[in-house]
Asker: 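Can you read through this structure? Questions will come right after.
Nothing fancy with the numbering, it's 1 onward along the sequence. Because the structure is a prediction, the values reported are computed rather than measured.
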Amino acid sequence: MPSSVSSSHPPIYHEEYATPWRHLLLIVFPLAPIFWRYRVDISKTTLTMGYSHAYSEIDRNDIVGAAHIEHVNGLTQWGGWGIRYNLRGEMGYIVRNGPAVRIEIRKGKENEGEDCSRKVYVFNCEDAERVCE
């Protein structure tokens, strides 16, 4: 993931901070660099969310739906924090309890006659309503 926001595509939304539980990662040092920083970047063409070296970059044209979630509880809804998967097959970047966004993207090309499957991501952000606009 780029360390700075590209000047050719100024961000529509940008949020970046240290994960609140990064000090616990010092115990498990080999994992620390992967989860040290968390960010959400939205440009005209892409949505990028995730951790320092483990993130997802999505073409905004592939997003078919977005909804803000008032409160996500990492422990009870996702079994913990970090990169998570739930029983519905959704992928989560869960950093803390609090507001989040749920997006649904299409995988594959609908216009080529293929079955277009869907994938769902849930990720924390400070201003979930703005991100969904």
Side-chain angles (χ1 to χ4, degrees):
M1 180 169 358
S3 60
S4 64
V5 177
S6 170
S7 61
S8 64
H9 294 281
I12 295 170
Y13 181 87
H14 173 78
E15 157 179 329
E16 180 176 357
Y17 52 87
T19 56
W21 33 265
R22 69 180 174 177
H23 301 294
L24 294 175
L25 293 173
L26 295 175
I27 297 168
V28 189
F29 182 75
L31 295 178
I34 295 172
F35 297 100
W36 202 253
R37 303 221 31 99
Y38 176 78
R39 68 189 292 165
V40 176
D41 282 315
I42 302 173
S43 72
K44 289 182 180 180
T45 58
T46 60
L47 163 64
T48 305
M49 73 278 196
Y51 299 97
S52 302
H53 300 288
Y55 59 92
S56 293
E57 187 170 270
I58 297 165
D59 185 331
R60 288 185 60 195
N61 292 324
D62 291 338
I63 298 173
V64 294
H68 75 278
I69 302 170
E70 291 294 325
H71 186 80
V72 167
N73 185 308
L75 190 57
T76 60
Q77 294 174 313
W78 289 87
W81 297 270
I83 300 171
R84 313 300 293 181
Y85 294 89
N86 65 19
L87 296 176
R88 293 182 301 263
E90 300 172 343
M91 181 178 185
Y93 290 99
I94 310 302
V95 180
R96 57 184 157 62
N97 295 343
V101 172
R102 180 184 187 275
I103 62 167
E104 186 175 345
I105 64 165
R106 73 173 157 256
K107 294 170 53 179
K109 305 289 184 202
E110 287 179 316
N111 59 359
E112 293 178 5
E114 297 177 18
D115 285 337
C116 185
S117 63
R118 310 283 174 148
K119 184 168 183 173
V120 174
Y121 292 91
V122 175
F123 59 95
N124 288 115
C125 60
E126 291 291 327
D127 194 351
E129 288 184 41
R130 181 173 173 218
V131 169
C132 290
E133 292 176 353

Asker: May I ask you to decide if the ring planes of Y93 and Y51 are parallel, tilted or perpendicular, using 30° and 60° as cut-offs?
Answerer: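 The rings of Y93 and Y51 sit tilted, inter-plane angle from 30° to 60°.
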Asker: For a 4.5 angstrom cut-off between non-hydrogen side-chain atoms, does Y38 reach N124?
Answerer: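 A side-chain contact exists here, since the closest heavy-atom pair is under 4.5 Å.
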Asker: Within the 4.5 Å heavy-atom criterion, are F123 and V95 side-chain neighbours or not?
Answerer: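 F123 does not reach V95 side chain to side chain.
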Asker: Closest heavy-atom contact between I94 and G74?
Answerer: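 Closest approach of I94 to G74, heavy atoms only: CG2-CA, 3.7 Å.
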Asker: Y13: which residues meet the side chain to side chain donor-acceptor pair (under 3.5 Å) condition with it, sequence neighbours left out?
Answerer: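 Listed in chain order: E15.
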Asker: Distance from I105 atom CD1 to D59 atom CG, nearest 0.5 Å?
Answerer: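 I105 atom CD1 to D59 atom CG measures 9.5 Å (nearest 0.5 Å).
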Asker: I'd like to check L47 versus V40 (side-chain heavy atoms, cut-off strictly below 4.5 Å). Are they in contact?
Answerer: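 In short, these two side chains touch, coming nearer than 4.5 Å.
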Asker: Measuring only between side-chain heavy atoms, which start at C-beta, is R88 closer than 4.5 Å to V120?
Answerer: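 They are not in side-chain contact.
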Asker: So, taking the atom named CE in M91 and the one named CZ in R84, what distance separates them when rounded to the nearest 0.5 Å?
Answerer: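 One gets 11.5 Å once the value is rounded to the nearest 0.5 Å.
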Asker: Which atoms form the tightest heavy-atom contact between A100 and V122, and what is the distance?
Answerer: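 Answer, listing the atom of A100 first, then V122: CB-CG1, 4.2 Å.
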Asker: Which atom pairs, one a donor and one an acceptor, fall under 3.5 Å between side chains of residues 126-133 and the rest of the protein, sequence neighbours left out?
Answerer:
unit_1	atom_1	unit_2	atom_2	d
E126	OE2	R96	NH2	2.9
D127	OD1	R130	N	3.3
R130	NH2	I12	O	2.9

Asker: State the NZ-OG distance between K107 and S117, to the nearest 0.5 angstrom.
Answerer: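 If we round to the nearest 0.5 Å, K107:NZ and S117:OG are 4.5 Å apart.
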Asker: Can you measure from OG1 (T48) to CZ (R60) and round to the nearest 0.5 angstrom?
Answerer: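 Between atom OG1 of T48 and atom CZ of R60 there are 11.0 Å.
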Asker: Contact between K119 and I58 at the side-chain level, heavy atoms closer than 4.5 Å - yes or no?
Answerer: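 Contact flag for K119/I58 side chains = no.
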Asker: Kindly compute the distance separating CG (D41) from CE (M49), expressed to the nearest 0.5 Å.
Answerer: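 Separation between the atoms: 11.5 Å.
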Asker: Distance from I69 atom CD1 to R102 atom CZ, nearest 0.5 Å?
Answerer: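 It is 7.0 Å, given to the nearest 0.5 Å.
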Asker: Run the side chain to side chain contact (heavy atoms under 4.5 Å, CB included) test against Q77 and tell me which residues pass, sequence neighbours left out.
Answerer: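 Q77: side chain to side chain contact (heavy atoms under 4.5 Å, CB included) contacts with V72, N73.
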Asker: So, for V101 and C125, which heavy atoms are closest and what is the spacing to 0.1 Å?
Answerer: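 Looking at all heavy atoms of both residues, the closest pair is CG2-SG, 3.5 Å.
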